[in-house]
Number of protein chains: 2
Amino acid sequence: MATGRTHRPATRSRGIPEATVARLPLYLRALTALSERSVPTVSSEELAAAAGVNSAKLRKDFSYLGSYGTRGVGYDVEYLVYQISRELGLTQDWPVVIVGIGNLGAALANYGGFASRGFRVAALIDADPAMAGKPVAGIPVQHSDDLEKIIQDNGVSIGVIATPAGAAQQVCDRLVAAGVTSILNFAPTVLSVPDGVDVRKVDLSIELQILAFHEQRKAGEEAAASDGGVPAAAARSDSADQGPDGDMPAVMPA
Amino acid sequence: MATGRTHRPATRSRGIPEATVARLPLYLRALTALSERSVPTVSSEELAAAAGVNSAKLRKDFSYLGSYGTRGVGYDVEYLVYQISRELGLTQDWPVVIVGIGNLGAALANYGGFASRGFRVAALIDADPAMAGKPVAGIPVQHSDDLEKIIQDNGVSIGVIATPAGAAQQVCDRLVAAGVTSILNFAPTVLSVPDGVDVRKVDLSIELQILAFHEQRKAGEEAAASDGGVPAAAARSDSADQGPDGDMPAVMPA
DNA sequence: ATGTCTTTGTGAACGCGTGCACAAAGATGG
DNA sequence: CCATCTTTGTGCACGCGTTCACAAAGACAT
C-alpha cells in the first residue's frame with residue numbers, strides 16, 4: 001500500500017506514557033472499525049474524531065510508537081492496527097481467570113469483548129460448591145479449592161476479581177501467590193499487592209458518585225443563576241442543611 | 001465529640017480539582033468502614049493507608065473542602081463522612097435508569113452498591129419486547145418505547161447504558177433529549193453528547209488491554225534480563241514477528 | 001500557665017500531560 | 001524536475017496534579 005515503512009524497531013517500548021497506553025485501545029477500536037469497512041488510510045484528524053480525542057494528542061501518542069504514517073497521506077489502517085496490537089501485546093494469547101461467578105462474574109464471562117482480542121477465559125472459579133460444574137457461558141465453574149492448580153496449569157497471568165468485597169483481598173493474595181501478576185478488580189476494596197503486580201480497579205459505585213457530584217454542581221449553578229445570588233452555598237442547601245450534622249445513613253456496604 | 005467545628009461554609013465548591021473529586025468516594029468508603037467500627041477519629045496517615053493513597057495528597061484533598069480536622073488529633077470520622085457525602089451530593093436521592101438489561105444490565109441492577117448511597121434504580125429499560133414486564137432484581141423491565149416518559153415521570157438525571165455498542169449512541173441521544181445530563185456508559189463506543197452533559201465510560205476490554213501491555217512489558221524485561229541483550233525488541237519477537245504485516249484477526253466487535 | 005508533642009494545612013518545587021503552532025516530509029500535478 | 005499542497009512529527013509553553021517539607025495550631029501533661 002502506501003509507502004515508506006521506516007520500520008524503526010521501536011526500541012522505545014519503555015517510555016510510552018501511561019496516558020498514551022490508556023488511549024491505544026481506543027485508537028485500536030476505531031481503526032478496527034475502519035478496517036472492517038476496508039478503508040485503506042486515515043488522517044490523524046479523522047481518526048482522532050472517531051476516537052473522541054484531539055488530533056495533536058493522537059499524533060503525539062503515535063510518535064511514541066515510532067514513525068508510522070505518511071505525510072500528506074495519513075496512516076495505513078491495517079499497518080497501524082497491527083502495530084498497536086503488537087505494542088499492546090494482543091498478538092499473543094492471554095488466558096484469563098474470572099473469580100467470583102455471581103451476577104457480575106457471569107456477565108463478564110458472557111461478555112464478547114473478552115473472547116476477542118487475544119483474551120481467552122481459561123477458567124471460572126467460585127467459592128460456592130453448589131456452583132461447581134455448572135456451566136456459565138459454556139464454561140464449567142470450578143471450585144476455588146483448585147485455584148492454584150488452575151492458574152499454574154493454564155499459565156494464567158491475568159486474573160479478574162468479581163467477588164464480594166470481603167473476599168477480594170484473600171482471593172487476590174492467592175492469585176498472586178499462584179503467579180498472577182495483573183489483576184482487574186471489580187470488588188469495591190483497595191487491594192494491596194506486592195511490587196511488580198499491577199492492579200486496575202473498576203468501581204461502579206465510584207463512577208456514579210463522581211457523576212452525582214457534577215450533577216449536583218450543575219443543579220446548584222442553575223439555581224444560583226435563576227435567583228442571582230450566592231453561587232453554591234445556597235444552592236446546595238436544598239435537601240442537606242436541615243440535618244446539620246451526622247444524621248445520615250452511616251451503614252452501607254459500598 | 002471532638003472540638004472546633006470551624007464550619008467554613010465551603011463557598012469553595014467550585015475549584016475542587018477533578019482528581020480530588022475522583023478520590024472522595026474512596027475516602028468515603030474507608031471512613032464508612034471506620035464509622036461502622038465506631039472509630040471516633042482518624043489521622044490523615046491512617047486514613048490514607050486505608051484508602052491506598054499518600055497522606056499528603058489526602059490532606060490536600062481535604063483542604064479543598066474546608067478546614068475540617070483538628071491538629072494534633074486528626075479528623076472526626078462521622079463529621080467527615082457527612083461533609084464528603086454532602087460535597088458529593090449523596091445526601092439527596094438520585095433516581096437512575098439502566099438501559100439494556102442483558103447480562104451486564106442485570107448484574108448492575110442486582111449490584112448492591114447502587115441501592116446504597118442515595119442511588120435508586122428507578123427503572124430498567126430494554127428494547128426486547130420479550131423482556132417487558134419480566135422482573136429483574138425485583139423491578140419489572142419496561143420497554144424502551146416508554147423511555148422518555150419514564151425519565152420525565154421519575155425526574156431522572158443519571159442514566160446507565162448497558163446496551164450493545166450499536167445501540168448506545170441512539171439510546172444516549174434519547175436519554176439526553178429526555179433530560180438526562182449524566183451518563184455512565186458501559187458500551188464499548190465513544191458517545192458524543194452536547195455540552196453540559198457528562199459522560200463517564202467503563203470499558204472492560206480497555207482495562208484488560210492496558211493490563212496486557214504491562215504484562216507484556218514485564219515478560220519482555222524478564223526475557224531481556226535473562227539473555228542480557230537488547231532490551232525490548234528481542235523480547236517482543238516471541239510470537240509476533242513471524243507475521244510481518246497485517247495477518248491477524250482484523251474482525252472483532254470489541 | 002507554660003512547654004512539649006502530635007498532626008494538620010499549605011507554600012513551593014517538580015514532573016507529567018495537553019495543546020498550539022510550525023517546520024519538515026512527501027505526495028501529486030504540471 | 002519543480003512547485004504546490006496536504007499532513008505528519010515535534011519543540012515549546014502552559015496548567016494540573018503530586019510530593020516534600022515545614023510552620024502554625026491545638027491537645028495534653030505538668
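Protein chains get the first letters and strands the later ones, always in sequence-line order, with residue 1 at the start of each.
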ask   = What residues, two or more places apart in sequence or in another chain, satisfy side chain to side chain contact (heavy atoms under 4.5 Å, CB included) together with B:A48?
value = B:V53, B:S55, B:L58
request  = Among residues two or more places apart or on two chains, list those pairs meeting salt bridge (Lys or Arg N to Asp or Glu O under 4.0 Å) that have a residue in residues 61-70 of chain B.
outcome  = B:R23-B:D61
ask   = In whole angstroms, how far is the P atom of C:dT8 from the CG atom of B:L80?
value = 11 Å
request  = Taking the side chain as every heavy atom from C-beta outward, state whether B:F186 and B:L108 have any pair of such atoms under 4.5 Å apart.
outcome  = yes
Of residues 190-199 of chain B, the positions that come close to DNA chain C - non-hydrogen atoms, cut-off under 4.0 Å = none
query = Can you check the A:I16 CD1 to C:dG17 C1' distance for me, whole Å?
reply = 15 Å
ask   = Quick one: side chain to side chain contact (heavy atoms under 4.5 Å, CB included) partners of B:P17, sequence neighbours excluded?
value = B:T20, B:Y64
What's touching nucleotides 1-7 of chain D from the protein side, N or O pairs under 3.5 Å?
residue: D:dT7; atom: O4'; partner: A:G72; partner atom: N; Å: 3.0

note = Sequence neighbours excluded, the answer for side chain to side chain contact (heavy atoms under 4.5 Å, CB included) partners of A:V199 is A:I183, A:N185, A:L191, A:V193
request  = Would you kindly give the OH-to-C1' distance between B:Y27 and C:dT8, to the nearest whole Å?
outcome  = 15 Å
key: Those residues that, when tested against A:N54, pass side chain to side chain contact (heavy atoms under 4.5 Å, CB included) (two or more places apart)   = A:A56, A:K57
note = Contact string for nucleotides 12-19 of chain D, one letter per nucleotide 5' to 3', B = base within protein heavy-atom range under 4.0 Å, S = sugar-phosphate only, - = neither, reads B----SSB
request  = Please list, chain by chain and in numerical order, all residues satisfying side chain to side chain donor-acceptor pair (under 3.5 Å) with A:S182, sequence neighbours excluded.
outcome  = B:E215
query = B:L65 CG to C:dT10 P: how many Å, rounded?
reply = 12 Å
Contact list for residues 182-201 of chain B, test salt bridge (Lys or Arg N to Asp or Glu O under 4.0 Å), sequence neighbours left out = A:E207-B:R200, A:K218-B:D198, B:K201-B:D203
task = Kindly check if the number of other-residue, nucleotide or ligand heavy atoms within 6.0 Å of CD (A:Q170) is above 12?
result = no
inquiry  = Distance check needed: D:dG9 P versus A:E45 CD, whole Å only.
reply    = 14 Å
task = Give the rounded distance in Å between these two atoms: CG of B:D76 and P of D:dG26.
result = 16 Å
request  = For B:E46, enumerate each residue passing the side chain to side chain donor-acceptor pair (under 3.5 Å) test, keeping only those at least two apart in sequence or located in another chain.
outcome  = B:S43
note = Sorted by chain and residue number, the ring-ring contact (aromatic ring centres under 6.0 Å, His included) partners of B:Y75 (sequence neighbours excluded) come out as B:F62
